[in-house]
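For reference, the structure discussed in these notes is given below.
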Amino acid sequence: MSEHPPATDAPRGALPGALYVVATPIGNLADLSGRARETLASVALIAAEDTRHTRSLLQAFGIDTPLVSLHEHNEAARLGPLIERLQRGEAVALVSDAGTPLVSDPGFGLVRAALDAGIKVTPIPGPTAAVAALSASGLPTDRFAFEGFLPAKAGARRTTLAQLAQEARTLIFYEAPHRLGEVLVDMAEALGPERRASIGRELTKRFETMYYGTLAELGQRVKQDADMCRGELVIVVAGVDPAQAPPLASDVDKVLRTLLDELPAAQAAKLAARITGEKRAALYERAVQLQK
Ligand code: SAM
């Protein structure tokens, strides 16, 4: 008995009045699935992030379905007409320039509006750079957090990274290649230089390369290897190892408060330093603040 249902069980062609969220290749055209092809060929209309980009994809597969643009600047205006066409019974596909729509790409507004209007929304799964990079990262995959793009400005980026310092799940980031060097420095600073990480560059394309190491090692390597900063990339970083994690500020306060119930500030700070590994002077200052 076959483990897989026969391919003919899957609905063929597009159902009338359904919105299909179709994943497209992230570089290698051979990654367009059979169902994606079939769906793109049989819907009445394709809403695409960039119609010129998608037209050349369609041409490669001999598909001539009409296209309409749907990007962050016109999504609000496009929703009404698209929902009307769906309600009239036309099948519509949603695609972005690469990978899975809505994953750091437009489409959320259309999917939400379609669901609110009672329209059937069907995913046609396929490539997404985040999961491709994770699958080859060698880092734990049982729990992960997709962070998309970090803020471009250094201050906001460091704040976001500091907030992630205690995250135990594997972290996945998209990043612009020209910022890789500075981002690795910020990551090493906020998450610790010994954190294991991997970088997936130009996945599925001719110059696909996976880089592995600690944040400090990868940061050093960027300085010597200009290729690392070329093309598209995903950074995957191990979550914090709970055994190695520095104590949370709230945990330190808890220890200090307990000791302060019984001891003067100086002694409480001395003992708290032994328990938490934090600096005694800083703990003394904090103890005095807490006493107030
Ligand atoms: N929707 C896409 C997906 O499902 O992966 C992501 C779109 S987002 C605008 C583009 C970012 O995805 C790039 O800057 C890069 O971080 C990542 N990316 C896309 N294609 C990639 C590839 N072939 N190799 C590595 N990273 C890629």
Side-chain angles (χ1 to χ4, degrees), residues 19-33 35-36 39-40 46-54 56-57 60 69-75 93-111 121-139 141 144-153 157 160-161 164 170-184 186-187 197-212 218 221-222 225-237:
L19 173 65
Y20 290 88
V21 184
V22 182
T24 58
I26 56 170
N28 190 326
L29 286 193
D31 289 338
L32 188 75
S33 75
R35 282 186 74 214
T39 305
L40 293 174
I46 300 170
E49 181 182 7
D50 177 339
T51 51
R52 273 192 312 178
H53 183 98
T54 299
S56 61
L57 173 76
S69 72
L70 183 87
H71 46 71
E72 55 175 332
H73 304 295
N74 72 0
E75 187 164 16
L94 167 68
V95 299
S96 61
D97 285 355
T100 301
L102 284 82
V103 176
S104 290
D105 264 343
F108 175 72
L110 179 60
V111 167
V121 178
T122 299
I124 305 291
T128 190
V131 175
L134 174 71
S135 68
S137 70
L139 298 172
T141 52
F144 58 88
F146 173 62
E147 285 292 318
F149 288 94
L150 283 165
K153 292 213 170 101
R157 180 168 69 227
T160 304
L161 287 169
L164 292 170
T170 297
L171 298 163
I172 307 174
F173 302 91
Y174 285 166
E175 194 46 80
H178 64 275
R179 274 199 284 272
L180 180 61
E182 55 186 290
V183 165
L184 287 173
D186 289 347
M187 285 181 168
S198 98
I199 296 170
R201 183 176 78 89
E202 292 288 271
L203 297 171
T204 77
K205 303 186 210 176
R206 183 163 169 217
F207 294 109
E208 173 181 290
T209 319
M210 292 293 302
Y211 303 88
Y212 302 94
L218 291 168
R221 183 151 181 198
V222 175
D225 182 352
D227 282 348
M228 252 177 115
C229 302
R230 294 206 175 101
E232 297 188 285
L233 50 92
V234 182
I235 308 174
V236 185
V237 185

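Every number for a ligand or one of its atoms is a count from 1 in the order of the listing. Keep in mind it's a predicted model, so treat the numbers as computed, not measured.
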Checking a contact table here: which protein heavy atom is nearest [atom], and how many Å away?
atom: atom 18 (N) of ligand 1; value: A129 CB, 3.4 Å
atom: atom 9 (C) of ligand 1; value: S104 O, 3.2 Å
atom: atom 7 (C) of ligand 1; value: D105 OD2, 3.3 Å
atom: atom 26 (N) of ligand 1; value: V234 CG2, 3.4 Å
atom: atom 25 (C) of ligand 1; value: E232 O, 3.3 Å
atom: atom 2 (C) of ligand 1; value: A98 O, 3.2 Å
atom: atom 24 (N) of ligand 1; value: L203 N, 2.9 Å

Is it true that a side-chain atom of [X] and a backbone atom of [Y] form a donor plus acceptor pair closer than 3.5 Å?
X: H53; Y: D97; result: yes
X: T204; Y: N28; result: yes
X: R201; Y: L233; result: no
X: E147; Y: F173; result: no
X: T100; Y: V103; result: no
X: T24; Y: V22; result: no
X: T54; Y: T51; result: no
X: E75; Y: L110; result: yes

Check your understanding: Are E202 and R230 ion-paired here, with the side-chain N under 4.0 Å from a carboxylate O?
Key ->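 No, no charged N to carboxylate O under 4.0 Å.
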
Are a donor atom and an acceptor atom from the side chains of [X] and [Y] found within less than 3.5 Å of each other?
X: S69; Y: N74; result: yes
X: R221; Y: Y211; result: no
X: D105; Y: S96; result: yes

Hey, does [X] come in under 3.5 Å of ligand 1, counting only N/O atoms on both sides?
X: L233; value: yes
X: I26; value: yes
X: Y174; value: yes
X: R201; value: no

Proximal ligand 1 atoms for [X], defined as those under 4.0 Å from one of its heavy atoms:
X: T100; answer: 1 (N), 3 (C), 4 (O)
X: K205; answer: 23 (N)
X: G99; answer: 3 (C), 4 (O)
X: E175; answer: 16 (O)
X: F149; answer: 8 (S), 11 (C), 14 (O)
X: G200; answer: 25 (C)

Report the part of [X] in contact with ligand 1, treating N, CA, C, O as backbone and CB onward as side chain, heavy atoms under 4.0 Å; options are side chain, backbone, both, neither.
X: T128; result: both
X: E208; result: neither
X: P101; result: neither

